[in-house]
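Please read the structure below before turning to the comments.
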Amino acid sequence: MKILGKIGLSVTILALVIGLAACGAPENSGGDAEKKGETAPKKLIVGCDTSFVPFEFLNEKTGEYEGFDIDMWDTIAKELELEYELQPMDFNGLIPALQSGTIDVAIAGMTIKETRKEKVDFARPYYDAGLLVLVMADDEEIKSVDDLGGKVVATKTGTTSYDYSVEVEGVKEVKPFPNIDGAYLELINGGADAVIFDSPNVLYFAANKGKGKVKPVGDILEGQQYGIAFPKGSELVEDVNTVLEGMMESGKYAEIYEKWFGQKPKKLPSA
Ligand code: ASN
């Protein structure tokens, strides 16, 4: 009996040891799965433009991208506990990249329009904009879009400004550039008489890098709204809409807006 008792005890200890080892096993295999990326949270790839002041641009001192769009997305991602990585690219490449799944989100001051809605899904509008004509500071001839007859207009490829420019009556030539900085340079170097582009970008450029060299003329043309774009059917749209609404109610939106545009928004973009 005594011997049996001892054996019984040893068996119990052995069972305990095996049991403990077994308890550790799922943790180990979980670790392996994580290494294979099975349980690790997916890092979203967020496409943005390479240069679209003050929405997204490279801060040459820090080597980091910054701007209104960058702050907007960072706030949304933090709220939704999403990990992400920025992927700056030519504006024209963003929609194809969403369609092919190379990127998961695009935030690039992208105007919501019907033809784009056929290819991607947009969250609710987050910014109200329009278009503006920019000319040289000493230009006495072009006072508005009505004076562009016989003139050369530079703008950015694949944008609403390109679509608009080719429809302006009498324009001699529309020169598209993959990046708006190229269009501004063309104007300053005398290769174009005007630039037509998004009003916040034109105003920012005229007040900063282009100060004293260029001036915006005429009224703001064609009201537009910017939206964050996702691949068709993305489940993120609803969550992002909820966060956007919350940011507009809480004042966080107005705070980010004021940081980049120097004043609180006159009105919030309507959904
Ligand atoms: N808002 C314009 C567009 O979506 C231009 C841009 O560069 N974002 O076409």
Side-chain angles (χ1 to χ4, degrees), residues 48-61 66-70 90-92 108-111 113 127-226 256-267 269:
C48 66
D49 201 344
T50 51
S51 177
F52 185 51
V53 288
F55 294 85
E56 50 252 349
F57 57 97
L58 186 67
N59 178 328
E60 275 154 20
K61 281 188 206 124
E66 57 182 49
F68 180 74
D69 280 355
I70 308 297
D90 280 349
F91 180 79
N92 212 26
M110 191 183 285
T111 303
K113 58 177 214 164
Y127 191 91
D128 287 334
L131 306 181
L132 257 180
V133 178
L134 186 77
V135 296
M136 291 304 283
D138 59 2
D139 191 319
E140 297 295 330
E141 209 186 324
I142 305 171
K143 294 193 168 63
S144 81
V145 70
D146 300 328
D147 304 320
L148 291 176
K151 305 292 183 197
V152 176
V153 173
T155 189
K156 191 161 93 181
T157 317
T159 60
T160 48
S161 291
Y162 180 83
D163 298 342
Y164 186 93
S165 302
V166 292
E167 294 295 328
V168 174
E169 241 194 82
V171 162
K172 185 177 160 201
E173 188 190 350
V174 178
K175 288 187 177 175
F177 291 82
N179 192 304
I180 196 60
D181 295 348
Y184 290 143
L185 207 63
E186 190 72 0
L187 171 68
I188 290 167
N189 290 342
D193 303 297
V195 168
I196 296 182
F197 199 51
D198 293 47
S199 51
N201 182 268
V202 164
L203 291 171
Y204 196 91
F205 178 77
N208 293 282
K209 269 193 186 164
K211 200 172 177 173
K213 293 183 203 147
V214 294
K215 63 177 180 194
V217 290
D219 297 328
I220 293 196
L221 316 160
E222 209 180 61
Q224 305 191 347
Q225 290 191 302
Y226 296 163
I256 299 176
Y257 189 103
E258 192 175 11
K259 176 178 167 190
W260 293 105
F261 301 102
Q263 57 184 47
K264 290 251 183 326
K266 288 192 184 81
K267 75 181 227 333

Determine whether I196 and L148 satisfy the following criterion, side chain to side chain contact (heavy atoms under 4.5 Å, CB included), listing intermediate values before the conclusion. CA-CA 11 Å; I196 296 182; L148 291 176; 3.8 Å; yes
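- No salt bridge links K151 with D139; every basic N to acidic carboxylate O contact stays at or beyond 4.0 Å.
- Inter-residue side-chain proximity for L221 and L132 is flagged as unmet; no heavy-atom pair is nearer than 4.5 Å.
- Annotation: side chain of P216 is in contact with side chain of L134 (closest heavy-atom distance under 4.5 Å).
- For the pair K156 and F91, the tightest heavy-atom approach, listed with the atom from each and the gap, is CE-CB, 3.7 Å.
- D181 has no carboxylate O lying under 4.0 Å from a charged side-chain N of K209, or vice versa, which leaves the two without a salt bridge.
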Take K175 and V152, measure what side chain to side chain contact (heavy atoms under 4.5 Å, CB included) needs, and give me the verdict at the end. CA-CA 7 Å; K175 288 187 177 175; V152 176; 4.0 Å; yes
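- Residues N201 and F55 form no side-chain contact, since every pair of their non-hydrogen atoms from C-beta on lies 4.5 Å or further apart.
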Set out, in order, the CA-CA distance, both residues' side-chain angles and the distance that settles salt bridge (Lys or Arg N to Asp or Glu O under 4.0 Å) for D163 and K113, then state yes or no. CA-CA 12 Å; D163 298 342; K113 58 177 214 164; 2.6 Å; yes
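- We find the CZ-NZ distance between F205 and K213 to be 6.5 Å, quoted to the nearest 0.5 Å.
- A heavy-atom distance below 4.5 Å is found between the side chains of Q224 and L131.
- Expressed to the nearest 0.5 Å, how far CG of D49 lies from CD1 of I180 amounts to 9.5 Å.
- With hydrogens and angles disregarded, no donor-acceptor distance shorter than 3.5 Å links the side chain of T155 to the backbone of P176.
- The minimum heavy-atom distance linking S199 with A129 is given by the pair OG-C, 4.0 Å.
- Here the shortest heavy-atom pairing between G109 and D69 reads N-OD2, 3.0 Å.
- With rounding to the nearest 0.5 Å, the separation of CE in M110 from SG in C48 is 11.0 Å.
- Closest approach of A194 and L187 over heavy atoms only: N-CD1, 3.7 Å.
- Under the 3.5 Å distance criterion, with hydrogens and angles disregarded, a donor-acceptor pair is assigned to the side chains of N179 and T50.
- Around atom NZ of K267, more than 12 heavy atoms belonging to other residues, nucleotides or ligands sit under 6.0 Å away.
- Ion pairing between D193 and K172 fails under the 4.0 Å rule for side-chain N and carboxylate O.
- For the pair V153 and V168, the minimum side-chain heavy-atom distance is 4.5 Å or more.
- In this structure, F197 has its ring center closer than 6.0 angstrom to the ring center of F52.
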Side chain to side chain contact (heavy atoms under 4.5 Å, CB included), that's the test. Do Q225 and Y127 meet it? Break it down for me. CA-CA 6 Å; Q225 290 191 302; Y127 191 91; over 6 Å; no
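- Here F68 contributes atom CZ and F57 contributes atom CZ; the two are 13.0 Å apart, rounded to the nearest 0.5 Å.
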Given V214 and V202, is the side chain to side chain contact (heavy atoms under 4.5 Å, CB included) satisfied, shown in steps? CA-CA 10 Å; V214 294; V202 164; over 6 Å; no
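- For D219, the CG atom is loosely surrounded, since the number of other residues' heavy atoms within 6.0 Å does not exceed 12.
- D198 and Y226 are linked by a side-chain donor-acceptor pair at a separation below 3.5 angstrom, with hydrogens and angles left out of the test.
- Put simply, OH on Y162 and CD on E167 are 10.0 Å apart, with the number rounded to the nearest 0.5 Å.
- Once rounded to the nearest 0.5 Å, the distance linking CD of E222 with OG of S161 reads 8.0 Å.
- Nearest approach of K215 to A137, heavy atoms of both residues: NZ-O, 3.3 Å.
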